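For reference, the structure discussed in these notes is given below.
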Amino acid sequence: MELIVAKGREDLVKARRGGAVALVPTMGALHEGHRSLIRQARVRADQVVVSIFVNPLQFGPSEDFSRYPRTFDADLDVCRAEGVDVVFHPDAEEMYAADRQVSVSAGHMGSIVEGAFRPGHFDGVLTVVLKLFNLVQPDLAVFGQKDAQQLALIRRMVADLDLPIEILGAPTVREPDGLALSSRNRYLSDDDRQVALALSRALRAGAAELTPARVRAVAQEVLDAAGPRLATDYLALVDPATFAEVDESYAGMAVLAVAATVGTTRLIDNVTLTLNPS
Ligand code: AMP
């Protein structure tokens, strides 16, 4: 089946066939992490739509919107190789009317942890994801656990706004040395990359502990050992559904999340762990 490239709503309607539709939203510069999302979508649906859109709304004024990697032709090759049915690639003007007024608010949960460092980011994410849902009308959508707070907020939006869409979370794909795959990794020099390994190393070390205090202390120690070239924004140990910091008595699944800048590249990563098991 020939891959269809859709630019707008009409193209999407024309491309629609019967059966279950899965959507994989991305900003392009596709790598193995995205491929694994596409494969999960393939197994679960009759038609797979991958959206490729660098969403201006989710970038702050000092962030890397203009230099975010755009590799559309290579992305199409990846989509063809993975048996994707439709690539939705709208222009910014197609997505956002110049006089638009209404957007989605991520609420308190969008203003904590990652949201505290990127004001408005999650509002921008939820707004574009809701628009993509309305345009593509998928039965299910696949998101990476790599962006754990984003995934939790999308689940929240689906629940709070009664969206008839199943959300699938997919595990983080890593390099053999532990570095989580990211479109931004291409900006890391060899030296930066060595420093960046502290993120996954800290998470792994923390996740081997059982109490919140130990998890935080052990992970922080690894981050500190990386030296001044690693500028940490936060290390957070949170409830996976609310992203509220857990207290010492918390028992059950938690997310240990980290964000740090190496050189000029900001990286995020997280792991899921069980605290105070009985
Ligand atoms: P983006 O890289 O921002 O275009 O993200 C598109 C989707 O891919 C999101 O749902 C991400 O969580 C997911 N994703 C990004 N990196 C990875 C990875 N290393 N493993 C699994 N999913 C990923």
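Numbers for residues simply follow the sequence, beginning at 1. Whatever order the structure lists them in is the order used to number ligands and atoms, beginning at 1. Just so you know, these numbers come straight off a predicted model, no measurement behind them.
- Residue-to-ligand polar distances place Asp147 within reach of ligand 1: an N/O pair is separated by less than 3.5 Å.
- Atoms of ligand 1 lying under 4.0 Å from any heavy atom of His31, numbered from 1 in the order shown and given with element: 16 (N), 17 (C).
- Side-chain atoms of Asp75 come within 3.5 Å of backbone N or O of Leu30 as a donor-acceptor pair.
- Backbone and side-chain nitrogen or oxygen atoms of Ala180 are examined, and none is located within less than 3.5 angstrom of a nitrogen or oxygen of ligand 1.
- Listed by atom number, the atoms of ligand 1 under 4.0 Å from Phe143 heavy atoms are 10 (O).
- When heavy-atom distances to ligand 1 are checked against a 4.0 Å cut-off, Gln145 has no atom that comes that close, whether in backbone or side chain.
- When hydrogens are left out, the protein atom nearest atom 23 (C) of ligand 1 is Lys146 CB, 4.0 Å; that is the closest non-hydrogen contact.
- Residues Ile38 and Leu168 are members of one and the same hydrophobic cluster, defined by side-chain heavy-atom contacts under 4.5 angstrom among Ile, Leu, Val, Met, Phe, Trp and Tyr.
- Distances below 4.0 Å separate heavy atoms of Pro171 from the following atoms of ligand 1: 20 (N), 21 (C).
- Those atoms of ligand 1 that come under 4.0 Å of a heavy atom in Gly33, given as number and element, are 18 (C), 20 (N), 21 (C), 22 (N).
- If you check the side chains of Tyr68 and Asn55, you find no donor sitting under 3.5 Å from an acceptor.
- When only non-hydrogen protein atoms are considered, atom 20 (N) of ligand 1 lies nearest to Val173 N, 2.8 Å.
- Atoms of ligand 1 found under 4.0 Å from any heavy atom of Leu181, numbered from 1 in the order shown, are 16 (N), 17 (C), 18 (C), 19 (N).
- For the pair Arg70 and Phe65, the cation-pi criterion (under 6.0 Å, within 45° of the ring axis) is fulfilled.
- Between Gly144 and ligand 1, at least one pair of N/O atoms sits closer than 3.5 Å.
- Against a heavy-atom cut-off of under 4.0 Å, Pro25 is close to the following atoms of ligand 1: 6 (C), 7 (C).
- Using a 4.5 Å heavy-atom cutoff, the side chains of Arg155 and Phe143 are not in contact.
- Counting heavy atoms closer than 4.0 Å to ligand 1, residue Leu37 contributes side-chain atoms (C-beta onward) but none from N, CA, C or O.
- In this structure, a donor-acceptor pair under 3.5 Å is present between the side chains of Ser249 and Asp247.
- Around the CD atom of Glu166, the shell of radius 6.0 Å holds more than 12 heavy atoms that belong to other residues, nucleotides or ligands.
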Practice task
Check the pair Gln137, Leu12 against side chain to side chain contact (heavy atoms under 4.5 Å, CB included), reporting the backbone distance first and the verdict last.
Solution key: CA-CA 9 Å; Gln137 300 188 9; Leu12 286 167; over 6 Å; no
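- Closest to atom 1 (P) of ligand 1 by heavy atom, among His34, Arg184, Glu32, is His34.
- For the pair Arg156 and Phe243, the cation does not sit on the ring face, since its NZ or CZ is not both under 6.0 Å from the ring centre and inside 45° of the axis.
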